[in-house]
Amino acid sequence: MDVIWVNLPFLLKGAYYTLLITIISMFFGSIIAVIVAVARLKGNKFIRWIARAYVSIIRGTPTLVQIIIVYYGLADYGLNLQPLTAAYIALSISIGAYLSETLRGAIQSIPKGQYEAAYASGMSPYQTMRRIIFPQAIRVAIPPAGNTFIGMLKETSLVSVITVTELLRSAQLLIAQYYVYMPFYLAIALMYWIMSTGFSFVLERIEKRLSIYD
């Protein structure tokens, strides 16, 4: 295990990039999810069709293929992205599709009477969504969204194919140097488990604070 301790800083750096990619992708993916969910519920026929097509395509294709298309495919058209930038874009687009369905379902679960009461009090549709519907929908969406976030943490390992030195890529580089597999794979498995457990703890605390039953 000495080889692990010697190279622990390098693995921790990879874990840092894993967390960075996860958090940034979650942030922008959440913005995409809100836009797409509202588009599917409130947009005109054409807007709804575009939003539905986006969700269908992203959910119906592997995330790995999406990463490769963003990094290698766009380069064919002169758009050469840095590996880390490509990772942010691809994973944000991916998580946005899944979160949009979660949020859409949460919005649809809010009773129609909430809308009617808000309109009766003089609120506009925008004010109704922002002040009444979204706060309640977010509470409903947090548990399934948490599972999506944890899944995204593990899916960051896919960006190793475009040479982003996240946790898995770090282990692969060390394996190529030392020609041993098990210690490094066990080490990164432990790191993924610790990060997933930490995310779960934070999300559980948020869920309790925002629980619809409080």
Side-chain angles (χ1 to χ4, degrees), residues 1-33 58-59 61-99 142-207:
M1 294 297 291
D2 289 342
V3 69
I4 298 298
W5 292 112
V6 170
N7 294 283
L8 186 59
F10 187 67
L11 291 174
L12 290 175
K13 184 177 180 181
Y16 162 76
Y17 278 108
T18 291
L19 286 173
L20 180 67
I21 293 168
T22 301
I23 292 171
I24 292 179
S25 298
M26 284 166 45
F27 175 76
F28 288 105
S30 298
I31 295 174
I32 293 172
I58 297 302
R59 296 183 68 187
T61 56
T63 305
L64 178 59
V65 173
Q66 297 163 18
I67 293 169
I68 291 172
I69 288 174
V70 171
Y71 184 64
Y72 293 108
L74 294 180
D76 290 343
Y77 300 94
L79 186 56
N80 297 295
L81 300 173
Q82 293 296 318
L84 202 56
T85 303
Y88 295 148
I89 294 173
L91 294 180
S92 296
I93 291 172
S94 178
I95 195 174
Y98 288 93
L99 283 180
I142 281 178
N147 293 330
T148 304
F149 290 152
I150 293 172
M152 175 57 59
L153 171 67
K154 291 178 283 188
E155 284 198 349
T156 57
S157 62
L158 297 175
V159 303
S160 63
V161 301
I162 58 173
T163 70
V164 175
T165 310
E166 43 65 67
L167 190 52
L168 178 60
R169 176 69 174 171
S170 299
Q172 291 171 338
L173 293 173
L174 292 173
I175 288 169
Q177 179 180 348
Y178 290 94
Y179 298 101
V180 291
Y181 292 84
M182 188 61 75
F184 292 115
Y185 282 138
L186 287 177
I188 66 171
L190 177 61
M191 289 182 174
Y192 275 118
W193 175 73
I194 291 172
M195 289 187 290
S196 296
T197 303
F199 263 102
S200 297
F201 175 78
V202 171
L203 291 168
E204 285 175 5
R205 299 295 295 179
I206 294 174
E207 182 181 347

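By convention here, the first residue in the shown sequence is residue 1. All of these numbers come straight from a predicted model, not from anything done at the bench.
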Return yes when atom [atom1] of [X] has more than 12 non-hydrogen atoms of other residues, nucleotides or ligands closer than 6.0 Å, and no otherwise.
X	atom1	result
Tyr178	OH	yes
Phe10	CZ	yes
Gln82	CD	no
Tyr72	OH	yes

Evaluate the side-chain proximity of [Y] to [X]: yes if any heavy-atom separation is below 4.5 Å, no if none is.
X	Y	value
Ile68	Leu64	yes
Val164	Arg169	no
Leu91	Phe28	no

Per side-chain contact (heavy atoms from CB on, under 4.5 Å), Ile67 is matched among Val70, Thr63, Ile69, Val65 by Thr63

Only one of Phe27, Phe199, Tyr17 passes side-chain contact (heavy atoms from CB on, under 4.5 Å) with Thr22; say which it is.
Phe199

Taking all non-hydrogen atoms of both residues into account, name the closest pair between [X] and [Y] and its distance.
X	Y	answer
Leu11	Met191	CB-CE, 3.7 Å
Ser30	Leu99	OG-CD1, 3.8 Å
Gly14	Ser170	CA-OG, 3.4 Å
Ala15	Leu167	N-CD1, 3.9 Å
Tyr77	Gly73	CD1-O, 3.6 Å
Leu20	Tyr88	CD2-OH, 3.3 Å

Run Tyr185 and Ile175 through side chain to side chain contact (heavy atoms under 4.5 Å, CB included) and show every step you take.
CA-CA 9 Å; Tyr185 282 138; Ile175 288 169; 3.4 Å; yes

With distance as the sole test, does [X] use its side chain to make a donor-acceptor pair with the main-chain N or O of [Y] at under 3.5 Å?
X	Y	result
Ser94	Ala90	no
Ser92	Ile89	no
Ser160	Leu168	no

